Structure formats: structure tokens, C-alpha cells
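Predicted, not measured: the structure shown is a model, and the values here were computed from it. Residue numbers begin at 1 in each chain, while the letters A, B, ... track the order of the sequences.
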2 protein chains.
Amino acid sequence: MKDKIFSNLIFERFSIYYRCLNKMISDNNQKEFTDSNELSYLLNIDPSLIRRDLSLIGKIGKRGMGYSINALKSGIENILGKNKIWKLALIGIGNLGRAILRYILNNTSSNYSVVKLYDNDPAKIGISIEGIDIKNFDTINKHIDFNIGLITVPADSAQAIADKLVDCNIKAIMNFAPIKLSLPNDIFYREVDLIKELDILTGMLNFNNAIQKSS
Amino acid sequence: MKDKIFSNLIFERFSIYYRCLNKMISDNNQKEFTDSNELSYLLNIDPSLIRRDLSLIGKIGKRGMGYSINALKSGIENILGKNKIWKLALIGIGNLGRAILRYILNNTSSNYSVVKLYDNDPAKIGISIEGIDIKNFDTINKHIDFNIGLITVPADSAQAIADKLVDCNIKAIMNFAPIKLSLPNDIFYREVDLIKELDILTGMLNFNNAIQKSS
DNA sequence: TAGATTGTTAATCGATTAACAATC
DNA sequence: TAGATTGTTAATCGATTAACAATC
């Protein structure tokens, strides 16, 4: 196995390939092989890049034939940890937290399980949602039993929550609060920021379009 | 004004700068100037890159002094269209759609307004949420009055919805469904995909960590 | 075998960072 | 003026794409 640390972008594409392979399996129950050109057509990713990515799994392709769909799927499963259940905790059980909880619960084919709900609103603590009790976040301690913390609290409390998660040895954080968190380098971090995404779209509409028109 | 089309990454950073400037204004009501080093420290972005980005606004900095916070803010407002209200339509009023609606409504300082809700479930049509009636998506036509469509339907109907939006001349789409949409090149497109984000984090935890340990 | 497609190296592209003259 | 920081060009870095020998 390579001594290389893969980038975000590579994992992102593996996730895309994985979804595509699953769709191929459920749609088209006879086909055994695919190839970089077919995947390229379906996903709009350059075939060279696909071959490069897939070669990271090992020499899994057959020259002249392509790739066994099943072999590819299980290779990606190994890389993305799709053969394990990953435990999630949601911190902040407002509208967004609840929607994310239901979204994950509804997605029965995924390998993610929400095992803990935290909030600091006394009115919410003790309430059970979808069978999981909401606990006070202050009671969190080093004996945590989840792998990834999803922060869905308002921006002003997000950093404190993140610090506590780091303290409890959580290595992966997904932040939905509209604020940039500062975190140690060894923490894997993603953010989902709706307003930022909207700003990018309006920037494009507002500025790039205007330019296109005037040129 | 430059004849350049800015990239996603530049608009993304402008959004980050904008948020930071607002925080500076509300936190620290005396300070008039900032500079690329201060912003770099706060945002963890290289000062050269900050200067490069900000120079796209125009020659707005003062050598030896830095940047007027207010001038910077209004320059970014122009680029990101923060001085207009942008109208959003939500298509798919399930848990996620409702959570996004409330999230945007609660964010009173933003320049985004949800003006239309669509669904195709007869049981939902006519119901009003937060004062907005849910309409049947099939009734959508070219006389639309929104700028951005947010797709929060399940994966299997997302492409048809997107096609209809494109038909109705919508130029910006944000997709929350876990599927890659195929769209014409002139459509500005962003996707928010929770499972993909989780896959990236678990890929990192599962694979990069293992590698780090064994090396 | 001939044809097809991989796996991989080299070339290109685009984004970030370094360097520094210009100037407040 | 001296010191500080911009604005911008050149260098670097990292990711994608092109090319093609290897081989099924």
C-alpha cells in the first residue's frame, strides 16, 4: 500500500465513483465490467484522472477490458471505510440538527449511524428524538463512543464545542455553523455553510454575468 | 473593471472576508483599518493571496496603512451582490427543505429571501409554512420571480426538477440531493452533499490515519 | 494476433506563495 | 524622512490532462 496521504479531492471522487458503481449495480444487473471512458461519460471526469485515482486502489483493472464493477466497489469500500459503521454525534438539536438526524436515519443504505444527541438547552435535555435521548453537552467526557462530531449549534458557540470535541479526542468534525473554526492540524475537518454557498452563486450571477454581458 | 471571470474559490474567499469584516465592525467599534497580515492571522489565508484577492476590487488599499474596513466591506458587497435581495425558491418541502427555510428566515442579517415553496405531494400543496404557500411544482412556468433554485427533493427526482428550472431560465441552482446533475455550461451550480462530506471524513480517518500509523 | 484499455510518466494548467519595487 | 504595507510579477506547488508503452 502506498505511503501517500490522499487529498480531500481524491476521497471526494472516490465517494462519487462509489455512488455511481452502486447505481450501475442496481440499474443494470447483468454488466460485470466498466471502464474509464464509461465512468468519464457518466461523471464528467477526465478518463486519465479516473484511471489515476483507481490505480491508487492497486492494479485492479484489466488492460483491454476495464474494471470489474464488484472489485472496484469493494476496493473503494476499503478506502472509504464503507465496510464499517461510523458513529456520529449531533451537537445542537435545533431545526437543522433534527433535519440532519432524519436525513441520515432515512438513508438506510449508508454506513453512518447517529448515536448521540447533545444540546445545552435545559428544555430539550431528556427529550428523545427518533429514539435517542438528548443529553447535556457539558456531560461529554473522554469516554466518548462516536467517531465524528457534527456541529449544528449557532456560530457563537461553535468554537467552544469544537474545542471540547478535540479535548475528548475526536479526530473528525463537520461544522454547519457559519464560522471558521480553528483546530489542531491533526483534526479532519469539513464545513457545510449554506450562506457561503449562496454567496458564491450570487457572486457568479452578479459579477461574472455582468462581465460576460459587457464583453 | 477587469475582464476576468472570477473562480468559485475567489468568491468563496470574498464571502469569508465579508463575514470577517462584519465581525470586526460589530466587535471592535473603534478600528477603521485592517491589513493583509491581520486578516491572514484571523482567517488562516496567506497574506499574499488576500492582497491579490482584494486588489480585484480595485486599488482600494493604502500602502503603509492597510485597508479601510468600510471601503473593503462595500467593495465586497458590490462583487457578491450583497446590496440586493436575492430571491430563492425551495423545491421539495420535506425535513431538509423546512430546516433550510427556517435557517434562512432566522438569519435576518442575510440578503436572501425565500419567496417560493414547491412540492409535488398533493397532501402538502396549499399548506402554508412560515407564511409561504406550498405550490405544485408542475405549475412552475417561465414567469418565475426567483433567482436561485434550491433542490431538496430525493435523488431520483432531482434531475427532472433541475431540467425544469433550466427551462424556466433559472441560472443558479443549489442541489442538496445526493446525485450529480447534468446541466448546461451557463448554469451556476453548487452542491451540498452530506453523505459525500461524511465519506471524505471517514476516508481520512480510515485511510490516511492508518497510513500515518504504519509509516 | 489485433484491438482495446490500463497504468504511469511527462506536459500542462491553474492556484497559491514569495519577493520586492512602489508608495502611503 | 523612515517604516510599513500594498499591488503585482515571478516562482512554486499541486492537481489535472495528454500521451503512450505495457499487456489483457
Side-chain angles (χ1 to χ4, degrees), chain A residues 1-17 21 24 31-73 75-76 79 180 200 203-204 208, chain B residues 1-17 21 24 31-73 75-76 79 180 200 203-204 208:
Chain A
M1 211 174 268
K2 296 269 176 75
D3 194 356
K4 190 179 176 298
I5 303 293
F6 295 174
S7 72
N8 284 343
L9 293 166
I10 291 173
F11 286 119
E12 183 170 356
R13 287 193 301 270
F14 274 127
S15 178
I16 292 168
Y17 301 145
L21 292 167
M24 288 170 118
K31 215 148 65 88
E32 202 182 327
F33 280 81
T34 184
D35 58 60
S36 58
N37 274 305
E38 184 180 35
L39 290 169
S40 172
Y41 173 77
L42 292 169
L43 300 171
N44 204 24
I45 300 174
D46 190 281
S48 292
L49 184 54
I50 292 176
R51 291 199 297 278
R52 214 166 194 283
D53 285 342
L54 298 184
S55 76
L56 298 169
I57 300 172
K59 297 198 184 187
I60 204 178
K62 298 221 190 316
R63 288 166 203 240
M65 291 192 79
Y67 301 90
S68 149
I69 292 174
N70 284 317
L72 220 47
K73 186 184 165 192
I76 295 177
I79 287 176
K180 175 156 190 128
I200 294 168
M204 298 271 183
N208 281 350
Chain B
M1 210 174 270
K2 297 269 177 73
D3 193 357
K4 191 181 176 295
I5 303 294
F6 296 173
S7 72
N8 283 345
L9 293 166
I10 291 173
F11 287 120
E12 182 170 358
R13 286 192 300 270
F14 274 126
S15 177
I16 292 168
Y17 301 144
L21 293 167
M24 288 169 118
K31 214 148 67 85
E32 202 183 326
F33 280 81
T34 184
D35 59 61
S36 58
N37 275 305
E38 184 180 36
L39 290 168
S40 172
Y41 173 77
L42 292 169
L43 299 173
N44 203 25
I45 298 175
D46 190 280
S48 292
L49 185 53
I50 292 176
R51 292 199 297 279
R52 214 164 193 284
D53 285 342
L54 298 184
S55 76
L56 298 170
I57 299 172
K59 295 196 185 188
I60 203 178
K62 298 221 189 317
R63 288 166 202 242
M65 291 192 78
Y67 302 89
S68 149
I69 292 174
N70 284 318
L72 219 47
K73 187 183 166 195
I76 295 176
I79 288 177
K180 177 160 189 124
I200 294 168
M204 297 272 183
N208 281 350

* Structure fact -> Against the side chain of L49(B), the closest entry in dT16(C), dG7(D), dA18(D) is dT16(C)

* **Atom-pair distance (CZ on R51(A); P on dC20(D)), nearest Å** => 13 Å

* To do: Could you check whether I60(A) gets within reach of a base, just the sugar-phosphate, or nothing at all, counting any heavy atom under 4.0 Å?
  => sugar-phosphate

* **Among dT17(D), dA19(C), dC24(D), the nucleotide that comes nearest once only the side chain of R63(A) is considered** => dC24(D)

* Given atom CZ of F33(B) and atom C1' of dT5(D), what is their separation to the nearest angstrom? -> 12 Å

* Asked: Whom does dC20(C) pair with, Watson-Crick or G-U wobble, provided both distances fall under 3.5 Å?
  -> dG7(D)

* Side-chain donor/acceptor of S40(A) to backbone N/O of I45(A), under 3.5 Å -> yes

* **K62(B) vs S48(A), nearer the 5' end of DNA chain D by closest nucleotide** => K62(B)

* Nearest-Å distance for atom pair CD1/C1', residues I10(A) and dT16(D) -> 11 Å

* Asked: For the base of dT17(D), is there a side-chain donor-acceptor partner from R52(A) under 3.5 Å away?
  -> yes

* Distance in Å, I16(A) CD1 paired with L39(A) CG, rounded so as to fall on 0.5 Å steps -> 11.5 Å

* To do: First locate atom CG of L56(B), then atom CZ of R51(B), and finally report the distance between them rounded to the nearest 0.5 Å.
  => 13.5 Å

* Asked: Looking at S36(A), does any N or O in its side chain come under 4.0 Å of the phosphate oxygens OP1/OP2 on dT6(C)?
  -> yes

* Euclidean distance, atom CD of residue E32(B) to atom P of dT5(D) [Å, nearest integer] -> 16 Å

* Whole-Å distance separating the CG atom of D53(B) from the C1' atom of dT5(D) -> 17 Å

* To do: Using a cut-off of strictly less than 4.0 Å, decide whether Y67(B) has a side-chain nitrogen or oxygen near OP1 or OP2 of dC24(C).
  => no

* Using only side-chain N and O atoms of R13(A), determine if any of them is under 4.0 Å from OP1 or OP2 of dT16(D). => yes

* Any K59(A) side-chain nitrogen or oxygen under 4.0 Å from OP1 or OP2 of dC24(D) -> no

* Inter-residue atom distance R52(B).CZ - R13(B).CZ, 0.5 Å rounding -> 9.0 Å

* Length of the line joining D46(B):CG and dT6(D):P, which is rounded to integer Å -> 12 Å

* Whole Å only: how far is the CD1 atom of I50(B) from the C1' atom of dA18(C)? -> 15 Å

* To do: Using whole Å, report how far CG of L54(A) lies from C1' of dT8(C).
  => 14 Å

* Asked: For L9(A) and D35(B), take the nucleotide of DNA chain D holding the closest heavy atom to each; which residue's nucleotide lies nearer the 5' end?
  -> D35(B)

* Can you tell if the side chain of L72(A) reaches within under 4.5 Å of the side chain of Y17(A), non-hydrogen atoms only? -> no

